[in-house]
Amino acid sequence: MPDSNHAIMPTYGRLPVTFSHGEGAVLYDTDGRAYLDGVSGIAVTNLGHNHPGVTAAVTEQASRLVHTSNLFHIRLQERVAEMLSEATGMDNMFFCNSGAEANEAAIKLARRYGDRKGIAQPKMIVLDGAFHGRTIGALSATGNEKIRQGFGPLLEGFVRVPANDLPAIEQLGEPLADVVAVMVEPIQGEGGIKPLAADYLKSLRDMCTANDWLLIFDEVQTGNGRCGSTYLFEQLAVVPDVLLTAKGLGNGLPIGVCMARGAAAQQLGPGDHGSTYGGNPLCCAAAVAVLTALKEDNLMPQAEILRHHLIESLKQRITDPTLIADIRGRGLMIGIQPSTSTDSIVKRGLERGLLLNIAGGDTIRVLPPLIMSREQAGELGSGIADVLNEIAEQEPL
Ligand SMILES: Cc1ncc(COP(=O)(O)O)c(C=O)c1O
């Protein structure tokens, strides 16, 4: 459905609901109806709505100082950098405002890395099914042909290979000489919650090290507690050279980060990159509150606990187990692939007061907040089962 307000470009197919406020895992529409949030603003409000720590930090900071620009030192930006460094082992980082911008910073960083090695036509290996954002650089790195179409000429220098297929890289032949980096999402989010195999990621790490390529992890969606650790790489025993995040870091305040270690941390110097807003005091106050709550409130273990409750409730309520073809992902990044059509799932969910989303065309992407109660997780799981049971009854395949 295009936007009903003609003053807005109709780039989104919006659902017919407007929210007025939220509390924890529940959003309330303008008529006062409650909805259980299984989307978290697309993996953003990982701490739920109106989180006391984030609300207090943001309101206090808003009354003190919102923005200064990076012409000056920003104490809160330094604080976020220290906290992220401590959590990830990354040496330094660049602050921006979104996931796409974090990817843009990584693309520039990788190109500079190649330039310093005398590679005039640097190439980055990216994967089929990947999503890295909508700006021209990030879009060029994105695998979905449908969203790239009509926006050419796109940025050159990306070599696309199938996911989980190491020989596909080895067999590239000549272009390998100009490769500077491999960029992947450890779980492809927009592509349909498709995890990359752990041994594939380990082999990619070895391959990058052996060839002096940078390994870049796009953890814009997998990060900030969603998968049960601050960043998913911690659970994979694979350490990237460049780590990108955004989304949940600000719990709704726009912030993105491109983190780097080792040689990757030495590529961008004064004047090489910038952002007027990037890492401003207001967004960084939110990020400090998010990182503090994730740790001090011991929220990350909740990801697996709530996942378990949700999936168990789903399985208990589903009338026919063959209605679920697959369940993927980790922690609270859950992909439920039904064997039914996915066309009416979001609408039926909405009618039942559940906020759901479809990714990759055939998968229900469930991204609830980490602060959800076990009861709410169960309610979401059984609610999804009710939707699938209803579809099986009313829309037989
Ligand atoms: C893995 C990944 N990278 C990048 C992006 C782009 O982030 P943004 O929409 O903040 O530009 C997204 C957004 O869904 C994402 O999931």
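Numbers for residues simply follow the sequence, beginning at 1. First listed ligand is number 1; within each ligand, the first listed atom is number 1.
Atom 8 (P) of ligand 1 is flagged as protein-proximal [any protein heavy atom, distance under 4.0 Å].
Of all atoms in ligand 1, listed by their number and element, those nearer than 4.0 Å to a heavy atom of Gly133 are 6 (C). Ligand-side atoms of ligand 1 in range of Asn103: 3 (N), 4 (C), range being under 4.0 angstrom from any heavy atom. Residue Glu185 has at least one heavy-atom neighbour below 4.0 Å for each of these atoms of ligand 1: 1 (C). The distance from ligand 1 to the heavy atoms of Ser98 drops below 4.0 Å at these ligand atoms: 10 (O), 11 (O).
Summary of contacts: the protein heavy atom closest to atom 16 (O) of ligand 1 is Gln221 NE2, 2.7 Å. For atom 3 (N) of ligand 1, the closest heavy atom belonging to the protein is Asp218 OD2, 2.7 Å. Counting only heavy atoms of the protein, atom 10 (O) of ligand 1 lies nearest to Gly99 N, 2.8 Å.
Not a single heavy atom of Ile42 sits under 4.0 Å from any atom of ligand 1. Under a 4.0 Å heavy-atom criterion, Arg134 is not in contact with ligand 1.
Proximity of Ile371 to Gln302: side-chain heavy atoms (C-beta onward) are nowhere separated by under 4.5 Å. Within the 4.5 Å cutoff, side-chain heavy atoms of Leu249 are placed close to those of Val257. No side-chain heavy atom of Ile187 sits under 4.5 Å from any side-chain heavy atom of Lys194. Looking only at side-chain heavy atoms (C-beta outward), Leu76 and Val288 come within less than 4.5 Å of each other.
At a 3.5 angstrom cut-off on N or O pairs, Lys247 counts as close to ligand 1. Geometrically, ligand 1 and Ala100 share a nitrogen or oxygen pair separated by less than 3.5 Å. Between Glu101 and ligand 1, no N or O atom pair is found at a separation short of 3.5 Å.
Residues Gln266 and Arg116 have side chains that never bring a donor and an acceptor to within less than 3.5 angstrom of each other. Side chains of Glu82 and Ser85: a donor-acceptor N/O pair is absent below 3.5 angstrom, by distance only.
Within the structure, ring-ring contact (aromatic ring centres under 6.0 Å, His included) contacts touching residues 35-64 (residues at least two apart or in different chains) are Phe19-Tyr35.
When heavy-atom distances to ligand 1 are checked against a 4.0 Å cut-off, Glu219 has no atom that comes that close, whether in backbone or side chain.
Other members of a hydrophobic cluster containing Leu65 are absent, since no ILVMFWY side chain comes under 4.5 Å of it, directly or through relayed contacts.
For Arg134, the CZ atom counts as loosely surrounded, since its 6.0 Å shell holds 12 or fewer non-hydrogen atoms of other residues, nucleotides or ligands.
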